[in-house]
Amino acid sequence: MRVVVLLCLLCVSANGQYDWNGPGRVVPDSGTNGGNACNVDQSSCGCCLMLQEMNRLKMYFDTTLTDLEEDFRKTNQSLSTLKAKRATFTAALYTGDNFRCFGPFATNSVIVYKNVFLNLGAAYSTDTGLFTVPFSGVYSLAVTSYSDSGSPGFTLAICSSLQVNGKTVAAAKDFNTNDKEDSATIVVALQLTAGDKVSVSLAKGCFLCDDNGHYNTFSAFLLYPTE
Ligand SMILES: *[C@@H]1O[C@H](CO)[C@@H](O)[C@H](O)[C@H]1NC(C)=O
């Protein structure tokens, strides 16, 4: 009984209606069952207060849980989108024990990197040398180029350029008749649109050579999608 009286006093003072006449003056919260219980049986006031508090907590937890479930749904969806939009490839020009060269040709030509290390999403073609952008987003693109003239004194030329839809984005260039070997690297981050064609072009008269060393590589990976 003492506990009930104490709870009722708390109830009254919490409502700002403190009164020595006791629990009868408590104005119950009409929206809850607990409130009705207070009207019917004043001795159950303590119980009604606890019910009110429990209802309040239940509503709070229900709302919080609903919010968390919605957050989780969105996060899970983002994760699924990221997983579905994997786009990464790296290919080297050739592989094998024999040193082979691509070019020189009479016209500018797309370099067809034949030795694929990784082609997640299969967006790079070993037939055409084209990387067809599967999802709009920010991509990291890299090209390494290497050339060997065979012997000192022979014309050495390294001249590859990274192109998007046939337009040069960045180029590597080195013409020299004095040294025997040359190498160069291009690395860029680009905003690309689904369907863009990315390739590496070899300028006419130039050539690149490769073997098991994989000196010539073409790589791209999606940093993050933007749609
Ligand atoms: C997360 O999303 C995937 C793909 O939409 C779905 O298959 C999976 O059931 C979801 N996981 C949960 C725990 O909701």
Side-chain angles (χ1 to χ4, degrees), residues 14 28-37 47-95 110-145 160-170 185-201 210 212 214-227:
D29 187 342
S30 59
T32 65
N33 291 335
N36 293 338
C47 181
C48 101
L49 285 175
M50 290 185 73
L51 272 176
Q52 283 177 3
E53 186 64 7
M54 278 170 64
N55 281 339
R56 198 182 63 77
L57 284 172
K58 186 174 176 301
M59 205 180 298
Y60 171 75
F61 284 125
D62 281 353
T63 311
T64 309
L65 189 63
T66 306
D67 290 350
L68 283 174
E69 278 172 349
E70 180 58 13
D71 285 350
F72 173 76
R73 196 189 58 75
K74 285 181 185 162
T75 307
N76 187 43
Q77 201 170 34
S78 301
L79 193 64
S80 301
T81 305
L82 275 179
K83 280 183 182 169
K85 292 191 170 179
R86 284 179 182 160
T88 300
F89 84 91
T90 289
L93 186 55
Y94 297 126
T95 195
V110 170
I111 302 170
V112 183
Y113 296 82
K114 288 291 190 185
N115 186 55
V116 166
F117 293 114
L118 190 68
N119 196 6
L120 297 180
Y124 172 75
S125 165
T126 51
D127 295 329
T128 61
L130 293 178
F131 170 58
T132 305
V133 175
F135 317 105
S136 297
V138 175
Y139 285 77
S140 175
L141 302 150
V143 177
T144 63
S145 298
S160 52
S161 60
L162 178 69
Q163 305 202 327
V164 176
N165 299 327
K167 286 187 181 155
T168 299
V169 174
T185 305
I186 299 167
V187 180
V188 289
L190 290 178
Q191 166 81 61
L192 298 173
T193 305
D196 280 350
K197 306 277 185 201
V198 184
S199 61
V200 185
S201 174
D210 213 348
N212 277 334
H214 306 133
Y215 311 109
N216 295 276
T217 60
F218 178 28
S219 309
F221 60 86
L222 179 63
L223 284 173
Y224 56 88
T226 53
E227 63 179 18

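Atoms within a ligand are numbered from 1 in the order they appear, just like the ligands themselves. No hydrogens, no waters, no symmetry mates; every other heavy atom, side chains included, goes into these values. One is the number of the first residue; the rest follow in order along the sequence.
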Member of Phe131, Phe89, Phe117 meeting the ring-ring contact (aromatic ring centres under 6.0 Å, His included) criterion with Phe218: Phe89
Atoms in ligand 1 with a heavy atom of Phe72 nearer than 4.0 Å: 12 (C), 13 (C), 14 (O)
Non-hydrogen side-chain atoms of Gln77 and Arg73 separated by less than 4.5 Å: yes
Thr226 side, atom OG1; Leu192 side, atom CG - distance, nearest 0.5 Å: 9.0 Å
Check: Thr217/Thr144 side-chain N/O donor and acceptor closer than 3.5 Å: yes
Of the listed options Thr81, Leu79, Asn76, closest to atom 10 (C) of ligand 1 (non-hydrogen atoms): Asn76
Ligand-residue contact atoms, ligand 1 with Ser80, heavy atoms, under 4.0 Å: 2 (O), 3 (C), 4 (C), 5 (O)
